[in-house]
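Since the structure comes first, as structure tokens, the remarks are kept for the end.
Everything numeric in this text was worked out from a predicted model, so none of it was measured. A note on names: the letters A, B, ... follow the listed sequences, proteins ahead of strands, and every chain is numbered from 1.
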Protein chains: 2
Amino acid sequence: MTVSNVINDRPHVRPATRERVLEAMARLDYRVNVAARNLRKGRTGTIGLAVPEVNSAYYGRLAAALVAAAARHGLRVSIEQTGARREDELAALTLSRNRLYDGLILATVGMGPADAGLLRVDHPVVILGERIFGGPVDHVAMPNVEASAAATRHLVERGCRRVAILCGELRDEVDVSGLRHSGYRQALQAAGLAAGPELVQCLPSLTMDAGARRVRAMVADGLDFDGLFCVTDTVATGALRGLADAGVRVPGQVRVIGFDNVDTSAFLVPSLSTVDPDHDLMAERAVALLAARIGRTGPPAEQVEFVSGYSLVIRESTA
Amino acid sequence: MTVSNVINDRPHVRPATRERVLEAMARLDYRVNVAARNLRKGRTGTIGLAVPEVNSAYYGRLAAALVAAAARHGLRVSIEQTGARREDELAALTLSRNRLYDGLILATVGMGPADAGLLRVDHPVVILGERIFGGPVDHVAMPNVEASAAATRHLVERGCRRVAILCGELRDEVDVSGLRHSGYRQALQAAGLAAGPELVQCLPSLTMDAGARRVRAMVADGLDFDGLFCVTDTVATGALRGLADAGVRVPGQVRVIGFDNVDTSAFLVPSLSTVDPDHDLMAERAVALLAARIGRTGPPAEQVEFVSGYSLVIRESTA
DNA sequence: TTGTAGGCGTTATCAG
DNA sequence: CTGATAACGCCTACAA
């Protein structure tokens, strides 16, 4: 159709004809039907993003970066909230397989290493996070262990000798809590410091509220600690509040460091030292990997595993 | 096709036949093609959500609620980040008109009352926010003026006599800053208090950083104020930080109140008093309105204008 | 440079 | 209860 050529800005259309077409389109208030185009092309121009919750400092930040990166690649992003539930994560995979999306960026939180086989799908998927390390798909991760060790080391260098950690339940070694806890443990060991079990405080959920409650309890119980590594800034925010409630001075009596470098962290009182994992780079890489697979024809490319860098951001809470 | 009947769980299929179909589907690893279904049905099952930025405490919270509400209505949500730019907001409208989405929830921030005519489109749109009050579409808003007046009144009742406001540029009367500023002004007037121009502090952007800087400058300039109404919690968070930097005690010397009841507000030190506009209700209504229009055949329904309720959350910053 | 034919995968309609 | 047929709107290939 000549009309199609006009719509898609293709050459070989005489200016006069193009005008005539444009005029008719205007007159009829014509709109392309994207659904029909999608069917014909076998592409939708949309990728799925499955995260536990967009209303979280961390995933919100990441989602914003991913949407922006996708826009740069000419892709739209449809968001699926999985609530960190395994079945909802699998549901997102299914939708994607049904060609609703050209590809999927999946934050695996509920799924575990045992589910790696389910990822062996015939269409583009990029995993965000580390729970399914070494699975048969592209993978974008953070240097959790190294960065956590660096954060812990920082506390030690500032003179802390009794460093506690606030993490989630330690179910296995491959989730955020597991990895960051192991970095913490390595750093203490390397420094020749004890990491007694009383210093490892596992929360039922990684929320501000849980962090605040637990810290108050720790102080009330007379637990002896002078450093606190929180596995996320969200938990750290709660912890700072809890310490204030308990009348503990930060950094005077206890130094605190978080992980994620969430926007508010710089504005807390005291401002929160933290690990910055370069969200924008992670987002760009994730989208770039996906876009490459989407565009690809012929034999599938090798799986890529990208680990972002990190930097320590030192603020008042460890001054 | 009998196959179609099986896939869609329709009656009038003999069990034996159903089994045969299911078996074949499993054997062939068959997947429905959503693009084809969309074309045929004239629906995509997806609605668009156009907001300035998902990585903002307020829009992130709202987006999460909207995605959840949409899921309850059997709809997916595709996110468009407009950066509060008028042209990007219009672009979202166009995509929606192209039947990429069944409907659109649009936070008009860049568009103004002059653009109301552009909203006269023939397909479902719900406007979020108030910049295009009274336009030809459904509309979900907050009681900005009343709630701001209540917040200001609260400061006055706690004894503040010199109440300042931190808002954005006052370009017109219909954006967030304009409306909340006018509530502030009404409350002061009703209380018989002066609202000198020096108390109205307009920021270049509603960010934590801008809030912190401005507050430091206000104190450094020796501005006399004992109450501070911030038009968003984000700005208030920065303001609390700025006051701490300047050595001003909250609520001792200055009482502070925000607007939005963002998650972190309860955990700041001091915790932030604020206005809670019931995001979940707004989200539910917005999606319900859109879903009703999508499902509707026949003559278009009347435009609905829903204004959420609000509640004052009193915390330490105004104790 | 323009136009014609056909098919992408699904489902509504209606006949068997 | 099952199946044949046509059409949703677009684009690629090819023909004129």
Could you state the CG-C1' distance from B:Asn38 to C:dG9, rounded to the nearest angstrom?
11 Å

Nearest to side-chain heavy atoms of A:Leu39, which nucleotide of D:dG3, D:dC10, C:dC8:
C:dC8

Any side-chain N or O of B:Ser4 less than 4.0 Å from the OP1 or OP2 oxygen of C:dT11?
yes

Does a nitrogen or oxygen in the side chain of A:Arg40 sit under 4.0 Å from OP1 or OP2 of D:dG9?
no

Is a side-chain N or O of B:Gln81 found less than 3.5 angstrom from the main chain of B:Val54, in a donor-acceptor match?
yes

If we count only N and O atoms by modelled type, under 3.5 Å, do the side chains of A:His279 and A:Glu284 hold a donor and an acceptor together?
no

Between P of C:dG9 and CZ of A:Arg43, the distance in whole Å
15 Å

Rounded off to whole Å, could you give me the CG-to-P distance for the A:Asn5 and D:dA13 pair?
12 Å

Output the rounded distance in Å from CG (A:Asn33) to C1' (D:dA7).
13 Å

Output the rounded distance in Å from NE2 (B:His12) to P (C:dC14).
16 Å

Just to be sure I understand the rule, does A:Arg31 reach a base, reach only the sugar-phosphate, or reach nothing, if contact means heavy atoms closer than 4.0 Å?
sugar-phosphate

Report yes or no: do A:Asn55 and B:Asp263 form a side-chain donor-acceptor pair below 3.5 Å?
yes

Is it the case that the side chain of A:Asn98 and the backbone of B:Arg31 share a donor-acceptor pair, with hydrogens and angles ignored and the cut-off at 3.5 Å?
no

Among C:dT10, D:dT2, D:dC10, the nucleotide that comes nearest once only the side chain of B:Val32 is considered
C:dT10

Under 4.0 Å: is that the gap between some side-chain N or O of A:Arg37 and OP1 or OP2 of D:dG9?
no

Please figure out whether B:Lys41 or B:Pro15 has its closest DNA chain D nucleotide nearer the 5' end.
B:Pro15

For a side-chain hydrogen bond (donor to acceptor under 3.5 Å, both in side chains) with B:Tyr101, tell me which candidate from B:Glu80, B:Arg43, B:Arg76, B:His123 qualifies.
B:Glu80

To the nearest Å, give me how far apart CZ (A:Arg99) and C1' (C:dC8) are.
11 Å

Specify the residue among B:Arg10 and B:Ala36 whose closest nucleotide of DNA chain C lies further upstream toward the 5′ end.
B:Ala36

Tell me whether the OP1 or OP2 atom of D:dC11 has a side-chain N or O from A:Asn8 closer than 4.0 Å.
yes

